[in-house]
Number of protein chains: 2
Amino acid sequence: MGRVTLKTIAEHVGVSRMTVSNAFSRPDQLSEDLRARILSAADELGYAGPDPAARALARGRTGVIGMVLTNSPRDAFTDDVAVGFVRAVAGSLADAGYSLVLLHSSGESGVVPARDIAMDGAIVYSCAPAMSAYTALRERRLPIVNVEGSPLPGVPDISIDNAAGAYQAARHLVELGHSRIAVVVDALDADNRPSSEISLETASTTIAARMDGWMRALDEAGIVPTLVGTPALDIDAVLRERVDRMLDDPPTAVLAFSDLAALEVMERARDRGIRVPEQLSVVGFDDNPLAARVSPPLTTVRQDIDAKGEAAVKALLALLREEDAESPPPLPTALVVRSSTAPPS
Amino acid sequence: MGRVTLKTIAEHVGVSRMTVSNAFSRPDQLSEDLRARILSAADELGYAGPDPAARALARGRTGVIGMVLTNSPRDAFTDDVAVGFVRAVAGSLADAGYSLVLLHSSGESGVVPARDIAMDGAIVYSCAPAMSAYTALRERRLPIVNVEGSPLPGVPDISIDNAAGAYQAARHLVELGHSRIAVVVDALDADNRPSSEISLETASTTIAARMDGWMRALDEAGIVPTLVGTPALDIDAVLRERVDRMLDDPPTAVLAFSDLAALEVMERARDRGIRVPEQLSVVGFDDNPLAARVSPPLTTVRQDIDAKGEAAVKALLALLREEDAESPPPLPTALVVRSSTAPPS
DNA sequence: CTGAAAGCGCTTACAG
DNA sequence: CTGAAAGCGCTTACAG
């Protein structure tokens with residue numbers, strides 16, 4: 001009998017299509033009684049409600065918000081901080097009646113979700129402006145909010161106060177009495193050189209801000225740290241090797257750009273019999289759920305990932321209401337001192 | 001100048017709308033040269049490509065697959081096993097050119113994503129058949145795959161071999177010499193009674209299968225366990241209280257329906273000075289990433305969550321191709337013996 | 001290789 | 001309170 005549409009029901013009940021449409025979408029436009037008759041006819045005919053795709057086209061809105069993550073969902077979902085962010089965003093969006101669609105980068109399938117998926121707006125998490133998914137979104141002129149990425153004109157930016165957090169972390173080490181300090185960052189091909197020889201031009205905004213904070217505190221104390229960097233977000237092979245090389249002539253303390261990197265440092269140190277914190281202090285960043293659980297528990301800089309997700313959604317909802325696209329002030333951070341830091345021996 | 005559509009470009013180039021459509025969607029239908037002219041005009045006019053909502057309506061497919069999780073995304077994303085599943089599904093879908101949309105249960109906003117979001121199919125993870133989102137999906141006659149849920153006619157079912165895994169877990173305790181054993185389950189209002197007094201009718205299929213496995217091994221050994229249950233997926237208050245009550249007269253071993261529940265038992269035991277595994281052996285289920293990290297590391301039943309996600313996507317893609325809706329055989333499980341189990345003292 | 005026709009299923013003003 | 005008209009932006013056969 002073909003597909004059941006508004007028309008099928010309209011004919012069945014003996015009214016026009018738009019009256020049936022009204023029964024579903026604008027209940028106040030018709031009598032209780034007629035509406036009940038229409039709804040029961042729909043039920044009888046197995047009609048589940050107006051087709052969402054048709055409705056999206058007619059209304060010009062889909063109820064869907066996209067999210068593009070740094071890497072593939074497979075990678076992103078391996079990082080508890082990213083997962084926490086997705087969780088917070090999905091929750092806040094749900095409260096506002098929106099659903100979240102995960103936009104992977106274009107793969108071999110030829111599909112580019114950022115270009116081909118119907119949505120009302122998107123949140124871009126920790127992406128370079130040149131990333132293809134991000135570009136596609138902008139070409140569509142979709143409302144976009146940028147999170148921990150490089151600021152772009154007209155795109156609201158959500159981020160924590162990376163510089164302040166990093167400053168506190170470095171300050172903590174200085175106050176403990178450390179002066180031989182290494183800084184471990186990503187997205188920077190530093191390769192174990194003194195910081196004075198390094199240019200930071202390639203770093204992401206987030207990393208650059210953290211560098212600013214660390215360096216300000218170290219500068220104030222007259223300390224020139226060693227920089228250990230990786231050319232990309234390659235937490236694995238390259239980072240491991242360079243951390244290992246750094247430990248050949250170990251500093252007394254390390255500032256890491258993330259808890260995951262800090263854990264890597266702690267593991268490498270353990271392998272070589274270097275004791276944390278007695279011989280090496282380590283400070284992370286993020287307060288990853290793991291940080292409190294490892295041994296020794298990691299000193300780190302906490303960020304409120306739920307607040308970040310809420311702020312991103314709030315900014316996007318404002319954009320959807322066509323309000324001004326203003327970036328809120330950076331979210332606060334807090335140093336959490338646990339047991340991975342101590343005075344140098 | 002209004003919105004740029006196929007028509008705008010067609011007029012600009014001097015061809016018909018469908019030729020422009022072909023330039024984007026069926027490149028083999030027109031000359032290289034004409035296509036290049038069209039594409040460059042599109043670029044010039046700031047046209048990002050055919051509108052996805054309109055395309056979805058015309059083509060009858062959206063490129064989006066929905067996922068409904070037991071609870072709100074906020075809750076689901078707190079459980080590493082659920083996160084692992086989402087990760088695996090999102091990854092497999094991306095490989096096939098589909099994007100994943102997270103379908104929350106209807107909230108106060110009046111929006112019911114399972115009913116109102118345009119999609120081509122959905123995966124239902126660990127949901128009761130009566131759950132409203134699940135019902136809405138079925139009313140729409142969307143292709144659906146059910147994961148760790150109660151089997152429904154015509155809906156392919158993906159699950160691990162819960163019974164076999166549970167059997168191995170219970171067998172392990174029996175072989176260690178335990179005979180005073182408690183079983184901790186959810187979705188069952190057991191309230192610390194001997195298993196012989198309990199009816200299992202309210203349990204989910206997953207729990208019921210695990211119960212079958214545990215009971216078979218215990219029956220074979222002539223053991224009647226104590227059942228500790230919670231009325232719902234309420235891992236918190238109720239479970240804590242009942243586990244506490246159980247520990248008033250502790251068994252020598254506990255079989256828990258999940259690693260999270262097992263950790264709860266271990267924590268309660270620690271609070272009361274009951275040593276694991278010396279005084280109490282604990283076996284979990286799932287091999288949650290946490291299981292290997294806690295102390296003592298937890299003996300548990302491992303399931304391959306990536307394989308489960310892949311299997312779910314594979315079954316759904318078959319459905320989308322209108323192939324037969326067959327449930328694959330249950331995925332294998334394996335007992336992982338760590339340090340939370342030992343012979344009774 | 002190109003285009004005229006019909007259609008996807010709904011909603012939005014607007015008139016009665 | 002109800003309905004006729006126009007439109008959302010695209011694609012799918014099909015004819016030339």
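Since we're looking at a predicted model, the values are computed, not measured. Naming convention: chains lettered A, B, ... in sequence-line order (proteins, then strands); numbering from 1 in each chain.
Comparing C:dC10, D:dT12, C:dT11 by their closest approach to the side chain of A:Arg17 singles out C:dC10. For B:Arg3, whose side chain is taken as the heavy atoms from C-beta onward, the closest listed nucleotide among D:dC10, C:dT11, D:dG9 is D:dG9. Nearest to the side chain of A:Arg26, among C:dT12, C:dC8, C:dT2, sits C:dT12. Comparing atom distances between the A:Arg55 side chain and each of D:dG3, D:dG9, C:dT11 picks out C:dT11 as nearest. Here the nucleotide nearest the side chain of A:Ser31, chosen from D:dT2, D:dT11, C:dG3, is D:dT2.
A close approach under 4.0 Å does not occur between any side-chain nitrogen or oxygen of A:Ser16 and OP1 or OP2 of D:dT2. Applying the 4.0 Å criterion to OP1 and OP2 of D:dG9, one finds that B:Thr5 has every side-chain N and O outside that range. Look at A:Tyr47 and you won't find any side-chain N or O under 4.0 angstrom from OP1 or OP2 of C:dG9. Proximity of A:Thr19 to the phosphate of D:dG3: a side-chain N or O atom is located under 4.0 Å from OP1 or OP2. Look at B:Ser25 and you'll find a side-chain N or O under 4.0 angstrom from OP1 or OP2 of D:dT11.
Nearest-nucleotide positions on DNA chain C for B:Met18 and B:Ala54 put B:Met18 closer to the 5' end. Comparing B:Gln29 and B:Ala58 along DNA chain D, the residue whose closest nucleotide (by nearest heavy atom) sits nearer the 5' end is B:Ala58.
Residues A:Thr19 and A:Ile38 form a side-chain contact, since some pair of their non-hydrogen atoms from C-beta on lies under 4.5 Å apart.
If you take CZ of B:Arg140 and P of C:dG9, they are 14 Å apart, rounded to a whole angstrom. In this entry the distance linking CG of A:Leu6 with C1' of D:dA4 reads 15 Å, nearest Å. Taking atom CD1 of residue A:Ile38 and atom C1' of nucleotide D:dC1, one finds them 12 Å apart after rounding to whole Å. If you take CG of A:Asn22 and P of C:dC10, they are 13 Å apart, rounded to a whole angstrom. Atom P of nucleotide D:dT11 and atom CG of B:Leu30 are separated by 13 Å, given to the nearest angstrom. As a whole-Å value, the separation of A:Asp116 CG from D:dG9 C1' is 15 Å. With rounding to whole Å, A:Lys7 atom NZ is found 9 Å from C:dG7 atom P. Here the P atom of nucleotide C:dC1 and the CZ atom of B:Arg37 are 15 Å apart, to the nearest Å.
A:Arg87 forms no cation-pi arrangement with A:Phe85, by the criterion of a distance under 6.0 Å to the ring centre and an angle within 45° of the ring axis.
Using a 4.0 Å heavy-atom distance criterion, B:Leu57 is classed as a base contact.
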Subject >> Check against ring-ring contact (aromatic ring centres under 6.0 Å, His included), A:Tyr47 and A:Phe24 >> reply: CA-CA 11 Å; A:Tyr47 182 76; A:Phe24 283 98; 5.4 Å; yes
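Other residues, nucleotides and ligands contribute over 12 non-hydrogen atoms within 6.0 Å of the CD atom of A:Glu323.
Considering all non-hydrogen atoms of both residues, A:Leu316 and A:Pro143 come closest at CD1-O, 3.6 Å.
D:dG3: Watson-Crick or G-U partner is C:dC14, with both key distances under 3.5 Å.
Using a cutoff of 4.0 Å between basic side-chain nitrogens and carboxylate oxygens, A:Glu139 and A:Arg115 are not scored as salt-bridged.
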